[in-house]
Amino acid sequence: GGRAIHRFKPGDERRALGLSRTAWWGVPTRNTLDRATAMFPSLLYRRLDELGIDFALLYPTFGLTVTATPDDELRRVMARAFNQYYADAYAEYRDRLEPVACIPMYDPQEAVDELRYAIGELGLKAVMMAGVIPRTLPGHEGSRAARWIDTLGHDSVHDYDPVWATCVELGVAPTFHAGGQGWGTRMSTTNYVYNHIGNFAAAGEAAARSLFFGGVPRRFPQLRFGFQEGGVAWGCNLYSDILGHWEKRNRDAIGHYDPAALDMEQLRSLFHQYGTEAMLDRADRLTYGLNMLSEPLDDPSLVDEFAESLVTGPEDVIDIFTRQYHFGCEADDPMNALAFNRDVNPHGARLRGVFASDIGHWDVPDFREVLPEAYELVERGHFTDADFADFVFGNAVSLWAGTNPAFFRGTVVEGAVDKHLAQQA
């Protein structure tokens, strides 16, 4: 547990074990009412009107531990027990509180098994998956410090298509929540804030990019995908970056950089015309550096790096990022405005930022301030009223009802959702 980690000294001792500084003093204490609200379903249910929330999906904190546990047997048992508890604890409150099931993703079969149990048998409707899986480097089994990050689409060790097919069958949207702390540059042994900043965005970006290049959204166009707690600024950047790379490096454009297309006769002429005396003295070495960033390609099938994505043009990229991808945004993040800025996003796109809170954690000192913080973007002129309506309602409906039209049936927002969907039709 956490106490065992604290016995190891910062620096080389923790680094050798692959241990980084994690959250400390991370939950409310001085605000005892909020601490209790995060603990007791009945109290949260009673306070929803006070918080300005009609209906909430509850992403679990302990669930992150479940989905990140490397022991295969323990992880499956923990997921099963957690989902049973969640379904029982919130059974009488689901008209306004929807618990989110934990789905372990270390291999496709465990994910399919838990999907069928949590959704098919327990009747839960929403899921939390890890889109980044730490795996031990071959030959370094048992060493936490020797890990690489596998993702679920492109270049994974497993084929996760059975998982996505099961999501289609059960009508559940895959939504991803995992941390990027403890890998990459977020491995400080002394500073949690250093590790925490941007970590959820890094994990969400890795998952979204992998799914995109693995062709998952195009093979499963019925699904909506959610990436939680990392905001949407990274989504705008990824969307723009993919379009930029497509323009310059799609299968037709890439020929502009084919080493075979280099006109050596013209290059030698220009060399003699513009080379300095020192350069001309070494004319026989003209070709020495031409392989830099121009490596020969042994496998012609690798020329089209968008082939696996099944994307055939910008319109497919736009569809994925504006219809299928959804981005969970913390209420106090001013970068949420980027998602709705048609003047900035290529092709005038609006990405689907979805209002979220982190109640129960250190970044929400007072639960009552979450909704007003989100509304500050309207007050500052960065959101229109229509943008805000989509942020707190319409895009959430798109994510969950887009995959399962009956998702909100039996909830207090059923009528509002039906009216909204009718207007969208």
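This chain uses plain numbering: 1 for the first residue, then up along the sequence. For the numbers below, each heavy atom of this structure counts, side chains included, while hydrogens, waters and symmetry mates do not.
Rounding to the nearest 0.5 Å places NE2 of His361 at 7.0 Å from CD of Glu229. Note: Leu97 CG to Glu92 CD = 10.5 Å, rounded to the nearest 0.5 Å. Atoms CE and OG1, on Met187 and Thr185 in that order, are 10.0 Å from each other to the nearest 0.5 Å. Leu170 CG to Leu124 CG: the interatomic distance, rounded to the nearest 0.5 Å, is 11.5 Å. Atom-to-atom distance recorded for Arg218:CZ and Asp319:CG is 5.0 Å, nearest 0.5 angstrom. Between the OG atom in Ser20 and the CD atom in Gln181 there is a gap of 6.5 Å [rounded to 0.5 Å].
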Given side chain to side chain contact (heavy atoms under 4.5 Å, CB included), test Lys125 with Arg94 step by step and report yes or no.
CA-CA 10 Å; Lys125 296 186 288 189; Arg94 288 180 64 189; 4.0 Å; yes

Is there a side chain to side chain contact (heavy atoms under 4.5 Å, CB included) between Leu51 and Leu44 once you walk through the steps?
CA-CA 9 Å; Leu51 306 184; Leu44 175 58; 4.2 Å; yes

What verdict does the side chain to side chain contact (heavy atoms under 4.5 Å, CB included) test give for His347 and Asn345, after you've listed the backbone C-alpha separation in whole Å, the side-chain angles of each residue and the deciding distance to 0.1 Å?
CA-CA 6 Å; His347 299 279; Asn345 295 316; over 6 Å; no

Stepwise side chain to side chain contact (heavy atoms under 4.5 Å, CB included) test for Val157 and Trp148:
CA-CA 12 Å; Val157 298; Trp148 66 284; 3.6 Å; yes

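For the 3.5 Å distance criterion, the side chains of Ser301 and Asp299 qualify, holding a donor opposite an acceptor. With 3.5 Å as the limit, one finds a donor-acceptor pair spanning the side chains of Ser156 and Asp150.
Using a 4.5 Å heavy-atom threshold, the side chains of Arg352 and Leu399 count as separate. Side-chain contact between Phe340 and Leu377 is absent, with no heavy-atom pair separated by less than 4.5 Å. Under the 4.5 Å side-chain criterion, counting only non-hydrogen atoms from C-beta, Arg14 is in contact with Arg21. Annotation: side chain of Thr403 is not in contact with side chain of Cys167 (no heavy-atom distance under 4.5 Å). The shortest side-chain heavy-atom distance between Arg186 and His196 does not fall under the 4.5 Å cut-off. Asp385 places a side-chain heavy atom less than 4.5 Å from the side chain of Val378.
Qualifying salt bridge (charged side-chain N to carboxylate O under 4.0 Å, His left out) partners for Arg409, counting only residues two or more places apart in sequence or in other chains: none. Every residue two or more places apart in sequence or in another chain that forms a side-chain contact (heavy atoms from CB on, under 4.5 Å) with Thr136 is listed here: His140. Under the salt bridge (charged side-chain N to carboxylate O under 4.0 Å, His left out) criterion, Glu50 pairs with Arg47, not counting sequence neighbours. For Arg380, the side-chain hydrogen bond (donor to acceptor under 3.5 Å, both in side chains) partners are Glu376, not counting sequence neighbours. With sequence neighbours left out, Phe176 forms a ring pair (Phe, Tyr, Trp, His ring centres under 6.0 Å) with Phe227. With sequence neighbours left out, the side-chain contact (heavy atoms from CB on, under 4.5 Å) criterion links Asp159 to Asp161, Pro162. Arg209 is linked by a salt bridge (charged side-chain N to carboxylate O under 4.0 Å, His left out) to Glu205, counting only residues two or more places apart in sequence or in another chain. Under the rule for a side-chain contact (heavy atoms from CB on, under 4.5 Å), the partners of Ala126 that lie at least two apart in sequence or sit in another chain are Leu57, Val100, Trp400, Phe407. With sequence neighbours left out, the ring pair (Phe, Tyr, Trp, His ring centres under 6.0 Å) criterion links His382 to no other residue. Partners of Thr411 under the side-chain hydrogen bond (donor to acceptor under 3.5 Å, both in side chains) rule, at least two apart in sequence or in another chain, do not exist in this structure.
In terms of heavy atoms, Gly63 sits closest to Cys102 at CA-SG, 3.3 Å. Here the closest heavy-atom approach between residue Thr69 and residue Thr65 is recorded as OG1-O, 2.7 Å. Considering all non-hydrogen atoms of both residues, Ala111 and Val163 come closest at CB-CG2, 3.8 Å. The shortest non-hydrogen separation linking Gly11 to Thr189 is N-OG1, 2.8 Å. Summarising the geometry of Pro60 relative to Phe82, their closest heavy-atom pair is CB-CZ, 3.3 Å, with the distance given to 0.1 Å. Between Thr190 and Pro10, the shortest heavy-atom contact is CG2-CB, 3.4 Å.
Note on Arg116 versus Glu169: salt bridge recorded, some NZ/NE/NH1/NH2 to OD/OE distance being below 4.0 Å. We find that Arg96 and Asp49 are joined by a salt bridge, their nearest charged nitrogen and carboxylate oxygen being less than 4.0 Å apart.
The aromatic rings of Phe391 and Phe388 sit tilted, their planes meeting at an angle between 30° and 60°. Note: Phe327 and Tyr325 have perpendicular aromatic rings, judged against thresholds of 30 and 60 degrees for the angle between ring planes. The aromatic rings of Tyr45 and Tyr93 sit tilted, their planes meeting at an angle between 30° and 60°.
Using a distance-only test at 3.5 Å, with no hydrogens or angles considered, no donor-acceptor pair links the side chain of Gln424 to the main chain of Ala422. Checking side-chain atoms of Arg35 against main-chain N and O of Thr29 turns up no donor-acceptor pair under 3.5 Å. Listed for the Asp332 side chain is no donor-acceptor partner under 3.5 Å among the backbone atoms of Val370. Formation of a donor-acceptor pair under 3.5 Å by the Arg76 side chain with backbone atoms of Pro104 is not found in this model. Remark: the backbone N or O of Leu310 is not paired with any side-chain donor or acceptor of Arg219 at under 3.5 angstrom. Using a distance-only test at 3.5 Å, with no hydrogens or angles considered, no donor-acceptor pair links the side chain of Thr37 to the main chain of Leu43. Proximity of a side-chain donor or acceptor of Tyr106 to a complementary backbone N or O of Ala68 within less than 3.5 Å is detected.
Among residues at least two apart or in separate chains, there is no side-chain hydrogen bond (donor to acceptor under 3.5 Å, both in side chains) pair with a member in residues 239-248. For the ring-ring contact (aromatic ring centres under 6.0 Å, His included) condition, the pairs that include at least one residue of residues 49-72, sequence neighbours left out, are Phe55-Phe408.
Evaluated for a side-chain contact (heavy atoms from CB on, under 4.5 Å) with His326, the options Val354, Thr175, Leu351 yield exactly one hit, Val354. In summary, of the residues considered (Asn395, Asn341, Asp387), a side-chain hydrogen bond (donor to acceptor under 3.5 Å, both in side chains) with Arg350 occurs for Asp387 alone.
Judged by the 6.0 Å distance and 45° axis criteria, Arg80 is positioned over the aromatic ring of Tyr117.
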